[in-house]
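Input: a single structure, listed below in structure tokens.
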Amino acid sequence: MNLRYPYAALGMSMLALVLASCGTGGASNATTKGPSIRFGSPAVTAAKVIPPRYKCDNRTIWLPLKWGTLPARTQELALYIVRFGVPKVASGGQVKAEIKAEALVLGLHSTLHRLKRGKLPPGALIAIHAANGEPQSVCPRKGVAENLLFRIYALNRKLHITKSSKVNPLQEVTREAIGSGTFIARYRPA
């Protein structure tokens, strides 16, 4: 089940802070209070590239993901995925990138420490950004290489967001976050 939501100004500022603090492949906790969570994918190469055999799909978990120890009070997890343009240094030295698409996987159980490729876990919901009412895919166009940011959030309560909820899910996630982990990888669909 997919939920559409409008861009939040928060998304752009988050991407700018994360890019500035972790460059093109490190982990950062720059925008979330609490500890940093070790987070990554066994599919991503040492050069921070997602092999094209992993077919991007907005409706499923298309890339295996795993993370380390979570904060003790974690009640739920959320996964934020952003497709973004080439990072540029703005005036003042801040690194920024245009967000092209966002997706948020909500309702992940706090006992999970990985997601396998395939179906979403029971109870999970994907929230996809909708620009002008049209959902925007985090998957790059065929043959086009783009950067993807993946961030896992540990939340201090269950959000209970549904398809009919009238809240911005990204704002709710960032408000309730007590820890996070991030990685960035480049992806070119075959």
Side-chain angles (χ1 to χ4, degrees), residues 1-19 28-37 39 56-63 65 67 70-85 96-116 118-141 146-184:
M1 180 183 331
N2 289 346
L3 166 72
R4 294 180 185 185
Y5 70 97
Y7 271 127
L10 184 59
M12 182 56 86
S13 64
M14 267 191 353
L15 190 55
L17 287 170
V18 169
L19 289 172
S28 169
N29 199 33
T31 61
T32 306
K33 55 196 173 287
S36 182
I37 300 167
F39 179 49
C56 186
D57 184 345
N58 280 328
R59 300 169 312 237
T60 66
I61 301 298
W62 59 277
L63 189 66
L65 301 167
W67 51 92
L70 301 170
R73 298 184 333 261
T74 302
Q75 296 294 309
E76 184 172 301
L77 299 168
L79 172 64
Y80 181 52
I81 305 167
V82 179
R83 178 170 55 93
F84 64 95
K96 292 188 177 185
E98 174 192 1
I99 291 178
K100 296 185 176 186
E102 299 173 289
L104 191 62
V105 181
L106 303 162
L108 298 172
H109 199 276
S110 62
T111 59
L112 292 173
H113 283 278
R114 74 172 148 224
L115 291 173
K116 295 180 182 178
K119 290 184 180 180
L120 286 171
L125 171 72
I126 297 180
I128 298 173
H129 162 69
N132 302 323
E134 292 298 316
Q136 302 297 306
S137 176
V138 295
C139 302
R141 293 184 322 271
E146 289 191 287
N147 296 307
L148 295 171
L149 176 143
F150 295 82
R151 177 169 262 204
I152 192 81
Y153 286 100
L155 309 176
N156 67 356
R157 70 178 181 91
K158 293 183 180 182
L159 296 182
H160 303 291
I161 293 174
T162 66
K163 189 172 181 174
S164 60
S165 294
K166 302 290 185 211
V167 299
N168 183 306
L170 181 57
Q171 288 176 342
E172 291 294 308
V173 165
T174 56
R175 182 179 12 258
E176 300 300 329
I178 56 175
S180 69
T182 303
F183 74 92
I184 296 173

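All values below were derived from every heavy atom in this structure, side-chain atoms included, with hydrogens, water molecules and symmetry-related copies excluded. Bear in mind the structure is a predicted one, so any value in this text is a computation, not a measurement.
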Arg114 CZ: over 12 foreign heavy atoms closer than 6.0 Å: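 Result for CZ/Arg114: open.
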From [atom1] ([X]) to [atom2] ([Y]), nearest 0.5 Å:
X      : Y      : atom1 : atom2 : result
Tyr153 : Leu106 : OH    : CG    : 11.5 Å
Leu159 : Arg175 : CG    : CZ    : 9.5 Å
Arg73  : Ser110 : CZ    : OG    : 13.0 Å
Leu155 : Gln75  : CG    : CD    : 9.5 Å
Arg59  : Ser137 : CZ    : OG    : 9.5 Å
Thr74  : Ile178 : OG1   : CD1   : 4.0 Å

Validation row: Glu76, His160 side chains within 4.5 angstrom (heavy atoms):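 Glu76 vs His160: side chains apart.
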Grab the two heavy atoms, one from [X] and one from [Y], that are nearest each other, plus how far apart they are.
X      : Y      : answer
Ile37  : Ala154 : CD1-CB, 3.8 Å
Ile61  : Lys119 : CG1-O, 4.2 Å
Ala124 : Val105 : CB-CG1, 4.3 Å
Ala97  : Phe84  : CB-CD1, 3.5 Å
Asp57  : Cys139 : N-SG, 3.5 Å

Ser180 backbone acceptor or donor facing Trp67 side chain under 3.5 Å: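 No.
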Partners passing side chain to side chain contact (heavy atoms under 4.5 Å, CB included) against Leu148 (at least two apart in sequence or in another chain):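 Partners of Leu148 by the side chain to side chain contact (heavy atoms under 4.5 Å, CB included) criterion, ordered by chain and then number, come out as Ile50, Trp62, Arg83, Phe150, Tyr187.
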Qualifying residue for side-chain contact (heavy atoms from CB on, under 4.5 Å) with Glu102, from Ile81, Leu170, Leu149: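 The option that passes is Leu170.
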Residue pair Leu77, Leu70: steps toward the side chain to side chain contact (heavy atoms under 4.5 Å, CB included) verdict: CA-CA 9 Å; Leu77 299 168; Leu70 301 170; 3.8 Å; yes
From CA spacing to verdict: side chain to side chain contact (heavy atoms under 4.5 Å, CB included), Ile126, Asn58: CA-CA 8 Å; Ile126 297 180; Asn58 280 328; 5.9 Å; no
Chi angles and distances behind the side chain to side chain contact (heavy atoms under 4.5 Å, CB included) call for Leu108, Leu115: CA-CA 10 Å; Leu108 298 172; Leu115 291 173; 4.1 Å; yes
